Amino acid sequence: MYEDIALWHGECQKAVLSGKGRYMGMIYCGKHLLTGDGKTHLTDAAVVVNEAGKIQDVGTKADMVQKYPDEEVKDYGDVTLLPGLCDMHVHFGYYYSQPDQYNYDDYMIAYYAQEQAKTALSLGITTVRDLSSPHNLCKQLRLAGEKGYCRVPRIIHSDAGMCMTGGHGHDDGIEEVDGEWEIRKEIRKQIRDGADWVKILTSNRTSIPEFTQAELDAAVDESHRVGKKCAVHAGLQPALQMSIDAGFDTIEHGTFLTYDQVKQMAANGQAWVPTMTAYTVLYEFCKEKIEAGFDSGDRIAAKAIKDMAFFEPAYNAYKDNFKKFYDTGVTVCTGSDMVLYEAPPLPINRELELMVEYGITPIQAIETATSNPAKVLDLEDVMGQLKPGLEADMIVVKGNVAEDIKAVNNLVDVYMSGELVYESK
Ligand SMILES: [Zn+2]
């Protein structure tokens, strides 16, 4: 009966409802349509959504209206229709940067995560991969969504993730493990408890790698042995080469990757989730603090100076290399990874803007947030494109995204499996 709970959209209320509380089908039209495959841009286009919430057909408005004469038509006018976006690197339960951290017990963390989920939908994000949140949080949030207690995007998650004892993230709720068998055991535990992916962290702003090669190899072997993919947080050398050699499916950040390494990743089918915005925002934050001047007692500014030694070269590395690396053919996925207090949450729009600023086209940028993630998540038959047979996860934005990536900020409506889950009004 939970399927009966739906948000009704003004004009659509007139549509005939099926027994499950979905519309009997609808033709959505717009001046522009991006399928999400990285190349296709249709004009005067339409998407036909059937009563199961799946995409029935895609084509020109004229053809679709003629082919499905009984379906109701909703014409959005001068908009772009595109697949719901996927943020491949979020932390829905990351409350650690809140200044009143002490207030966050399990209930509060759940409310916080629910708010993140709501924010995601309000930005057109219909799928997320959460790469470590407090144990069981994402599993329960997904269940709450299934039960209709709250609206959440599709959630793929890695449960709490793992680092070495004292490693990166150990004070942010990441499980500390050492040695091949402890790693294998923790992977088994997290998968037992519902993890869809495995997440390992192995570098932290220094050239000292955290896990050993044998530990990384064991992590990948154990994940793949039980049919799960694995992601690694690695930003520096030699941790990056070790992670590539170990065979991780996605390299998170990869801040100081070399061109040859990215070519290796492309050849191995390892995807890159650069999360450039997180580094850019931190760079800007430090720069602002330093430029504002400070006295010797200002701990935040003192920290900013220390951090700047990392974030400035990081910012430059992304700016200088992104396009070169993209051109190797490596699969790039959009991830926001924003955990800084008071920074814009889930700034996937900014990540797409940076990609375009650094040299790729808006249509290519959209692919990194739609069909590329679907491929990496093995959800190509579910989401990631406006294509017959897939779930009708679709966003409607004012303007022409193919020409101006900033148009993704002008969100009108967001659909998941054909249901309206967010409207901007
Ligand atoms: Zn992260």
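Both ligands and their constituent atoms are indexed starting at 1 by order of listing. Computed from a prediction, not measured in an experiment: that's the story for all the values here. All values below were derived from every heavy atom in this structure, side-chain atoms included, with hydrogens, water molecules and symmetry-related copies excluded. In what follows, residues are counted from 1 in the order of the sequence shown.
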S.K.: Quick one: does Thr334's side chain have a donor or acceptor within less than 3.5 Å of a partner on Thr368's backbone?
M.R.: yes
S.K.: Quick one: side chains of residues 214-221, donor-acceptor pairs under 3.5 Å with protein atoms, not counting sequence neighbours, listed by atom name and distance.
M.R.:
from, atom 1, to, atom 2, distance (Å)
Glu215, OE1, Thr212, N, 2.8
Glu215, OE1, Thr212, OG1, 3.3
Glu215, OE2, Gly179, N, 2.6
Asp217, OD1, Gln213, NE2, 3.0
Asp221, OD2, Arg184, NH1, 2.8
Asp221, OD2, Arg184, NH2, 3.0

S.K.: What residues, two or more places apart in sequence or in another chain, satisfy salt bridge (charged side-chain N to carboxylate O under 4.0 Å, His left out) together with Asp320?
M.R.: none
S.K.: Taking Asp159 for its side chain and His135 for its backbone only, find out whether a donor-acceptor pair lies under 3.5 Å.
M.R.: no
S.K.: Have a look around the Zn ion (ligand 1) and list protein N/O/S atoms under 2.8 Å, or say none.
M.R.: His89 NE2, His91 NE2, Asp337 OD1
S.K.: Can you name the residues that form a ring-ring contact (aromatic ring centres under 6.0 Å, His included) with Tyr326, not counting sequence neighbours?
M.R.: none
S.K.: Using the rule side chain to side chain donor-acceptor pair (under 3.5 Å), only one of Lys228, His224, Lys229 pairs with Asp249; which is it?
M.R.: His224
